[in-house]
Amino acid sequence: MSLLELGAVESVLRSAVPDICPAAQLVVRWRGVPVYEQAYGWLAPAQRQQPTTTTTLFDLASVTKLFVVTTFMTLVEAGLVALDQPVALLLPELTGERTIAPYEDPQQGGGFISVVEDGGSVDMGAITFRHLLTHSSGLPAWRPLFRQGSPEAARQMALTTAPAYPTGTKLVYSDIGLICLGLAVERLVGQTLDVAVRQRVIEPLGLAHARYVPLPTTDESGLEQFAPTEMCTWRKRRIQGEVHDENAASLGGVAGHAGLFATAGDVATFGQLFLDGGRPLLHAATVAEMTSLQAEEEQIRRGLGFVLWSPDPEVSGWPFSPSSFGHTGFTGTSLWIDPDRQLVVALLTNDVYHGRTGRGIATLRLAVHRAIITAVDAAITREAVPSAGDQRSLPVPSAPVQISTEARNERTAAIDLLSTAEMVRLMNAEDARVASAVAGELPQIAAAIDAIAARMRQGGRLIYLGAGTSGRLGVLDAAECPPTFGTSPELVVALIAGGARAMTEAVEGAEDDVAAGARDVTALQVQAQDSVVGIAASGETPYVVGGIQAARACGALVVSLACNRPSSLEQVADIAIAPLVGPEVIAGSTRLKAGTAQKEVLNMISTGVMVRLGKTFGNLMVDVQPTNAKLRRRAVCIVAEACQVPSEEAETALSAADGNVKVAIIVTLAQVGPVEARRRLEVAGGVVRHALAVKGPA
């Protein structure tokens, strides 16, 4: 652990106190153990008194939701409730048709928020617990429960509120939804929520400090253990030792959306649960479902309770791997978990101390997370390649130690003990991580598409190079280009270690032959206008590395496609694509998630290049070659769809065009003969849209 150098993290947090946040705690767990635990600032910042300690309690705000959702999932596992069960079975108040209405804006007094414009109504009885956990229930984000005068009135307002949008059609982060979840837990177990969370989560995990603080607050003598928060305009005092959130306070300090206090150490220990396959609280399949994609809208992605990694570089989870997940709290708290790096980061602050406007917590979180990731990745690299004269007793492997696709997946460690239904659900949940991993590489994929297309316009080829599953995926993608896009077989080609025989059987040792990769590339007479994509899940396959090095020596564009980082492939690539899918369901079987990710990327590259080259008209593949009955029917349908004409007219045009879909489209839309249509296409470089703009004969 001494490899982890976190001086930059220390600097970021010290510079944040007291202007951004008067007090802070940070705990970093790496590979299952705490490697960093520090506290910063003061609880009385004006006087610089009462230093923050590692046992100071912070108001977790919405990070509370994760503890409540986990409590609920223990009840799901016990068979007491189901995710897709209507909430109304436990909360009968949530029934009947209700009219959609705007709700009060918590940030602007007197303002209202309308999620949808066309109104309508919602059948409240159709809302399920899955809807609550994914924030897609239709319930509004917030209501002023604290104005109701009593905890019972506040609860009734939450249960009888008007919906804000049709269930399942939007993602609206909803405190009201989690308040209802907390009430459902109470009715299910016959205990108050604080008791249920304590007995089902806090005590089994041995969290020493985590607890709700029910109102009335602790006496004045105990306030020094709490980080203070905002000067509350409702309560007319600085909040310390009681929940900051007004609605949680109106519910007695115990609610499903807020109210829990804890240390960063407690929160990090809780986070470790999700790297340990759920032990000792949950089954691995449950953890996989909670942390896989359940609902998505634009760049917002949600699991069950958790927010998942987003491709938005401005959000706090961006520096982590695309498989990461976590949550933030309004007071300035956060928890992020990165399975690929075996990393848990719990950052607790009282940033809201300075008020609700002009806050710097978003910038601070990003800076802290970036500094941690930089330190962790640097440590991994140093492990893989010890410096000259390094006297540490470290193994010197033939490839980097941290090949995540070869690691054991803790979430699937007990897969052989699951029922078949549980097993396939777990596999599906793991597969759901692939899309987010690919999403993290979209800028590099787009750059590869543009660079390859530019070289193809100059007469270059696209060449795939791989071994085993990776090589077969390259061969498959190349083979599908001629019938789909009308390309010649020489335009997109694939090399696989072991040759054609390796497509149907394992050719032992072929992937370890560096020289063979170089020879195969040389035999293709690779030129500077060509593009070579090296495909290897580990990024270390010798055959691929040898071929890529030879291609680079020829001046070709070199693109690497691996599922690990860092890797030997990306070190020699012009463009490196690395969807980090993490450990496989079956350790080392990269035909699973890694193979799925590679196929997605290869499909994107070839399809994107062909779109850029004008091989489509809109989303219609107008260079399809009608070489069999199915493709002839498809060609007729494409012409009919593109020209909005009956299939009989499309078939006539296609016949007149000798089966050329592009010519048939120009003939029909421009009302010209086949000869003129071909001339216009030639002038337009084969692009249908451009050809339609060409006027008159030369």
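Values reported hereafter were calculated over all heavy atoms of this structure, with side chains retained and with hydrogens, waters and symmetry mates removed.
- Side chain of D338 to backbone of S321: a donor-acceptor contact under 3.5 angstrom is found.
- One distance of note links SG of C554 with CG of D530; it measures 9.0 Å at 0.5 Å rounding.
- Heavy-atom minimum distance, P579 versus A597: CG-CB, 4.0 Å.
- Residue A642 comes nearest to I665 through the heavy atom pair CB-CD1, 3.8 Å, listed as atom of the first residue, atom of the second, then distance.
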**OP:** Run the numbers on S538 and N564 for side chain to side chain donor-acceptor pair (under 3.5 Å), then give the verdict.
**Re:** CA-CA 6 Å; S538 67; N564 282 285; 5.7 Å; no

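- A donor-acceptor pair is defined here as one N or O able to donate and one able to accept, closer than 3.5 Å; such a pair exists between the side chain of S436 and the backbone of P322.
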**OP:** Could you give me the CA-CA distance, side-chain angles and deciding distance for E570 and S560, then say whether side chain to side chain donor-acceptor pair (under 3.5 Å) is met?
**Re:** CA-CA 6 Å; E570 73 174 354; S560 68; 5.5 Å; no

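- The main-chain N or O of H369 is never found under 3.5 Å from a side-chain atom of W318 such that the two would form a donor-acceptor pair.
- Counted within 6.0 Å of CZ on R591, heavy atoms from surrounding residues, nucleotides or ligands total 12 or fewer; the atom is thus considered open.
- Minimum heavy-atom separation, A371 to V9: CB-CG2, 3.6 Å.
- Taking 4.5 Å as the limit, some side-chain heavy atom of V376 sits within range of a side-chain heavy atom of L343.
- Checked for salt-bridge contact, D574 and R552 meet the test: a charged N lies under 4.0 Å from a carboxylate O.
- The backbone N or O of A510 lies less than 3.5 Å from no partner atom in the side chain of D513, so there is not a single donor-acceptor pair.
- When W336, F306, F320, W309 are each tested for a ring-ring contact (aromatic ring centres under 6.0 Å, His included) with F325, only one passes: F306.
- Atom CD of Q342 is separated from atom CD of Q272 by 7.0 Å, given to the nearest 0.5 angstrom.
- Looking only at distances, a side-chain donor or acceptor of T484 sits under 3.5 Å from a matching main-chain atom of E480.
- Remark: of the listed residues V475, V532, D520, D520 is the sole one forming a side-chain contact (heavy atoms from CB on, under 4.5 Å) with L495.
- In this structure, the side chains of V368 and L13 come closer than 4.5 Å at one or more pairs of heavy atoms.
- Summarising the geometry, atom CZ belonging to R411 is positioned 13.5 Å from atom CG belonging to L282; distances are rounded to the nearest 0.5 Å.
- Here the CZ-OG1 distance, from F274 to T291, works out to 8.5 Å after rounding to the nearest 0.5 Å.
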Original post:
Would L654 and V661 satisfy side chain to side chain contact (heavy atoms under 4.5 Å, CB included), going step by step from the backbone distance to the final call?
Top reply: CA-CA 6 Å; L654 195 61; V661 173; 4.0 Å; yes

Original post:
Could you walk me through whether V12 and R370 pass the side chain to side chain contact (heavy atoms under 4.5 Å, CB included) check?
Top reply: CA-CA 10 Å; V12 169; R370 286 189 180 118; over 6 Å; no

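- A heavy-atom distance below 4.5 Å is not found between the side chains of L418 and H283.
- Considering all non-hydrogen atoms of both residues, E289 and Q294 come closest at O-NE2, 3.0 Å.
- R457 places a side-chain heavy atom less than 4.5 Å from the side chain of R612.
- Taken from CE in M456 to CZ in R461, the straight-line distance is 10.0 Å, to the nearest 0.5 Å.
- When all heavy atoms of A576 and R565 are compared, the closest pair comes out as O-NH2, 3.6 Å.
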Original post:
Stepwise, does the side chain to side chain contact (heavy atoms under 4.5 Å, CB included) test hold for L561 with I605?
Top reply: CA-CA 11 Å; L561 173 54; I605 289 175; 5.6 Å; no

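- Within the 4.5 Å cutoff, side-chain heavy atoms of I496 are placed close to those of R472.
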Subject >> K593 vs N409, side chain to side chain contact (heavy atoms under 4.5 Å, CB included): CA-CA, chis, key distance, verdict >> reply: CA-CA 12 Å; K593 290 191 296 184; N409 190 333; 4.1 Å; yes

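- Using a 4.5 Å heavy-atom threshold, the side chains of T328 and S316 count as touching.
- Ion pair D340/R433 not flagged as a salt bridge, since none of the NZ, NE, NH1 or NH2 atoms sits closer than 4.0 Å to an Asp/Glu carboxylate oxygen.
- By the 4.5 Å heavy-atom criterion applied to side chains, E430 and L592 are not counted as neighbours.
- Across every non-hydrogen atom of E584 and T590, the tightest pair is OE2-CA, 3.4 Å.
- Shown here is Q299, whose CD atom has more than 12 heavy atoms of other residues, nucleotides or ligands within 6.0 Å.
- Here E511 contributes atom CD and T541 contributes atom OG1; the two are 5.5 Å apart, rounded to the nearest 0.5 Å.
- Heavy-atom contacts from other residues, nucleotides or ligands closer than 6.0 Å to CD of E505 number more than 12.
- Taking 4.5 Å as the limit, some side-chain heavy atom of L426 sits within range of a side-chain heavy atom of T412.
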